[in-house]
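The next block holds one structure in the form of structure tokens; read it before the comments.
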Amino acid sequence: MTANTVEATLLYTEPPADGSKVFQYMYADPATGERTKNYTQIPVKMDIENLRGKEDSVSLDTAGFQFVKAPAKHTSFASDDEIQVESHLFILTRQPVGGVHVDQTEASAIARVRKHLPAAEVDELLKHRFQIINLWRPISHPALDHPLALCDFRTVDAKTDLVPGVLKYPDSEGETFVVKHNPAHKWKYVRGMGPDELVLIKCFDSTKDGGVAIYTPHTAFEDPTSPLDAPLRESIELRFLVFYEE
Ligand code: OGA
Ligand code: FE
């Protein structure tokens, strides 16, 4: 732990020993209050560097995430009804996610495109580069409580660290990656991100050129430097489907 780095416990995944496909329910079982799953979470202490003051040292195509200063024009997020859904934008509201994960796999990214865009356009769109970008921002007050930690894509070994997992919704299924511990992972956050700031997170990029970030493991964490009386974190996340013409 240095002036710019905190040490915190992150929940990595140990997949089922019998090799069966990882799954987790999206919503907690009312009887247990838990999200049923078939894998074990391993708490690991990791250093997380505070990029406050050097937010510009990372970008979507290098680390897989990018910090932006941009006050929200819309400041009331009390219900889904108050949030206008644009045609190429979808909104998730849900419980905070407990462990290190990547929101999309290639298969679920393609499934998202098929779900949200007209069938007649999809085949053409999928011939070109596309991305899914998550816009995450605090609302109401600075997110000192349980900030979001992001893992630099360049320190992720996709072949060994990422394990596809089924996310079970009441009447559908999605696919995300859970993440196995790798001591090479370099974690970053910005302490006390305010409602006038946001972070863009690369969930998926269809580019295959090797040098560009494709996905970004992330998780909420308990920051040992956050004041005990910090108000509970409130944040919103939006997903953008981004299509390229060339
Ligand atoms: C996300 C996400 C977790 C959190 O935005 O994809 O995993 O704690 N958020 O906000
Ligand atoms: Fe996520």
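Side-chain atoms are counted along with the backbone in the values below, which use heavy atoms only and exclude waters and symmetry mates. For ligands, and for the atoms within them, numbers begin at 1 and follow the listed sequence.
- A cation-pi geometry, defined here as NZ or CZ lying under 6.0 Å from the six-membered ring centre and within 45° of its normal, holds between Lys168 and Phe23.
- Residue contacts with ligand 1: His101 is included, with a non-hydrogen atom under 4.0 Å away.
- A side-chain donor-acceptor contact under 3.5 Å links Gln131 and Asp205.
- Every pair passing ring pair (Phe, Tyr, Trp, His ring centres under 6.0 Å) that includes a residue from residues 179-200 is listed here, sequence neighbours excluded: Tyr12-His181, Tyr12-His185, Tyr189-Phe221.
- Residue Ala220 approaches ligand 1 through these ligand atoms, each under 4.0 Å from one of its heavy atoms: 8 (O).
- At a heavy-atom cutoff of 4.0 Å, ligand 1 is contacted by the side chain of Asn134 but not by its backbone.
- Interface of Asp103 with ligand 1, defined as ligand atoms under 4.0 Å from a residue heavy atom, comprises 6 (O).
- To the nearest 10 degrees, the Fe ion (ligand 2) sees NE2 of His218 and OD1 of Asp103 at an angle of 100°.
- Arg239 counts as a contact of ligand 1, since one of its heavy atoms falls under 4.0 Å from the ligand.
- Heavy-atom proximity to atom 8 (O) of ligand 1, evaluated over Arg233, Gln104, Glu234, Glu237, is greatest for Arg233.
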In a table with atom names and distances, give each donor-acceptor pair under 3.5 Å that connects a side chain of residues 140-148 to protein atoms at least two apart or in another chain.
unit_1	atom_1	unit_2	atom_2	d
Ser140	OG	Glu234	OE1	3.1
His141	NE2	Leu232	O	2.8
Asp145	OD2	Arg233	N	2.8

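- Cation-pi check for Arg129 over Tyr244 is met; the charged atom lies under 6.0 angstrom from the ring centroid and within 45 degrees of its normal.
- Only side-chain heavy atoms of Leu148 come within less than 4.0 Å of ligand 1; its backbone N, CA, C and O stay farther off.
- For the 3.5 Å distance criterion, the side chains of Asn182 and Asp161 qualify, holding a donor opposite an acceptor.
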